[in-house]
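A, B, ... follow the sequence lines: proteins, then strands. Residue 1 opens every chain.
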There are 2 protein chains.
Amino acid sequence: VVRARDVVKEFKMGNEVVRALKGISLDIRRGEYISIMGPSGSGKSTFFNMIGGIDRPNSGSIFIADSDIAQLGESEMAFLRCHNIGYIFQSYNLLTTMTALENVQLPTIFAGMPAEEGTIRAMEILERVGLGHRLHNKPSQLSGGQQQRVAIARSLANRPSIVLADEPTANLDAKTGKEIIGLLRELNKEEGVTIISATHDPRMLDVSDRVVWVNDGMIDRVENRENI
Amino acid sequence: VVRARDVVKEFKMGNEVVRALKGISLDIRRGEYISIMGPSGSGKSTFFNMIGGIDRPNSGSIFIADSDIAQLGESEMAFLRCHNIGYIFQSYNLLTTMTALENVQLPTIFAGMPAEEGTIRAMEILERVGLGHRLHNKPSQLSGGQQQRVAIARSLANRPSIVLADEPTANLDAKTGKEIIGLLRELNKEEGVTIISATHDPRMLDVSDRVVWVNDGMIDRVENRENI
Ligand SMILES: Nc1ncnc2c1ncn2[C@@H]1O[C@H](COP(=O)(O)OP(=O)(O)OP(=O)(O)O)[C@@H](O)[C@H]1O
Ligand SMILES: Nc1ncnc2c1ncn2[C@@H]1O[C@H](COP(=O)(O)OP(=O)(O)OP(=O)(O)O)[C@@H](O)[C@H]1O
Ligand SMILES: [Mg+2]
Ligand SMILES: [Mg+2]
């Protein structure tokens, strides 16, 4: 469902060029649960932005559901991002002037869902992540872990077939972290959602089909579930 | 060095009132390493903001180095915050238009240190957290874990006697996380810095003198090192 071929990403810093990705190739099958692990600064978030169509690589190509995203126009890419992919960003990216409920409902509005239905859907998912009692709080009125759970709920609003999660459990306590991993696993096993998650959390290893280890912009090794 | 007496904090949400802290009392001795643990939304960051003088409680009192911070004027409080306390916020709070070096040097400018000396000090600490090669990157040009390390370096710029850390290892991989815990422990053991850290990281238990468990705005229990 997602294929990356020799993806290179460079950032220009004055005269210097930082090669964050040095040529990454990876095939991810539909319905897999993949964890991407590696040291801080090794390129996980940059790779996440490439396969999610948020940023374009300098060279190499990315296929999502067999279409080359470099060939897609803006509106086709927006449709794909809105209906097929749910994003959980490392820095949440919540809209600070909207409540938790409005932040989670927003994607349903872009997808054309009637407002009443969208509100019910948003309430359901916020309940599922344990925030039924904080629907009308804005991000500044929520704790770090609560904001992260709003970001997780928002990514699920349009029942995506692929969830791209960047450090989904970073600010969560042991119990809440376990619940979120359980939720992602349930979506994966019962609804066949493909989960691709950049993480430092060793508990993710237990639920992953494969673990991709990156270091300094390259894939170090890929481990299957049996040998973890 | 830090004393809290019956601290209550309430937030108004329309007609509702959320009691984030329901009356917390705690004494922290100079040179201690204290971890505050508890579920997401239990009041750790709110308590952190109270003892750091960032926000005022509705009732109760806080003493830092034996002065009641409610009695301090704005400029005395600013002096205390600038010279004695280093803050590591859960959401980093870096200045997005400044480089890593400028962000770390900024506290030294407020403290009146000559610019040249401040630059050297900032470079030294960034080196110590493994970012000697990213001095001129702005926060948007750094990974999540790198931004967190800039925030940690900034908190140490003025050689504070107290470091208040809110989730210092949340976005760090196992190795970098261990290095940061090692750095905090070194400051604590060798330079006598008092460390107060809100965390979900079980490795913090190994280096803490005491662990304060909070739940729903109250202290559940306090454990000494021997019984952890
Ligand atoms: N400005 C605010 N207005 C209303 N409620 C708030 C506000 N700030 C915090 N809260 C509420 O107070 C409670 C405590 O929040 P706090 O940020 O202290 O939690 P925390 O223990 O740090 O959690 P985490 O581990 O997720 O960072 C939460 O339930 C939160 O929803
Ligand atoms: N806009 C940019 N300009 C310059 N360098 C950048 C930019 N964005 C990222 N980098 C660099 O690219 C490298 C990879 O960053 P990336 O955010 O992908 O790391 P990461 O693996 O997600 O790390 P973490 O675990 O800390 O989140 C880092 O060394 C970072 O400094
Ligand atoms: Mg990252
Ligand atoms: Mg917090």
Are [X] and [Y] linked by a side-chain donor-acceptor pair shorter than 3.5 Å?
{"X": "A:Glu167", "Y": "A:Thr199", "value": "no"}
{"X": "A:Arg225", "Y": "A:Ser208", "value": "no"}
{"X": "B:Thr194", "Y": "B:Glu32", "value": "no"}
{"X": "A:Asn215", "Y": "A:Ser42", "value": "no"}

Chain B heavy atoms under 4.5 Å from A:Asp166: which part of the residue, side chain, backbone, both or neither?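 For A:Asp166, no heavy atom lies under 4.5 Å from chain B.
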NZ/NE/NH1/NH2 to OD/OE distance under 4.0 Å, B:Asp201 and B:Lys178: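 So B:Asp201 does not pair with B:Lys178 through a salt bridge.
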Flag the pair B:Lys9 and B:Asp55 as a salt bridge only when some basic side-chain nitrogen lies within less than 4.0 angstrom of an acidic carboxylate oxygen.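 The answer is yes: the pair qualifies as a salt bridge.
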Out of curiosity, [X] [atom1] to [Y] [atom2], how far, rounded to the nearest 0.5 Å?
{"X": "A:Ile219", "Y": "A:Ile36", "atom1": "CD1", "atom2": "CD1", "value": "8.0 Å"}
{"X": "A:Leu164", "Y": "A:Ile85", "atom1": "CG", "atom2": "CD1", "value": "6.0 Å"}
{"X": "A:Asp173", "Y": "B:Lys44", "atom1": "CG", "atom2": "NZ", "value": "6.5 Å"}

Side-chain heavy-atom pair B:Arg210, B:Glu223 within 4.5 angstrom cut-off: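 A side-chain contact is absent here, since even the closest heavy-atom pair is not under 4.5 Å.
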I want to check something: taking the side chain as every heavy atom from C-beta on, are A:Cys82 and A:Pro107 in contact at a cut-off of under 4.5 Å?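 No, side chains not in contact.
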Segment of [X] engaging chain A (4.5 angstrom heavy-atom cut-off):
{"X": "B:Gln141", "value": "side chain"}
{"X": "B:Thr176", "value": "side chain"}
{"X": "B:Ser40", "value": "both"}

Applying a criterion of heavy atom separation less than 4.5 Å, what residues of residues 127-136 of chain B form contacts with chain A?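 So far as heavy atoms go, B:Arg134, B:His136 are the residues that approach chain A to under 4.5 Å.
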Which residues from residues 91-102 of chain B are near chain A, with near meaning under 4.5 Å between non-hydrogen atoms?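 Interface residues of residues 91-102 of chain B: none, nothing closer than 4.5 Å to chain A.
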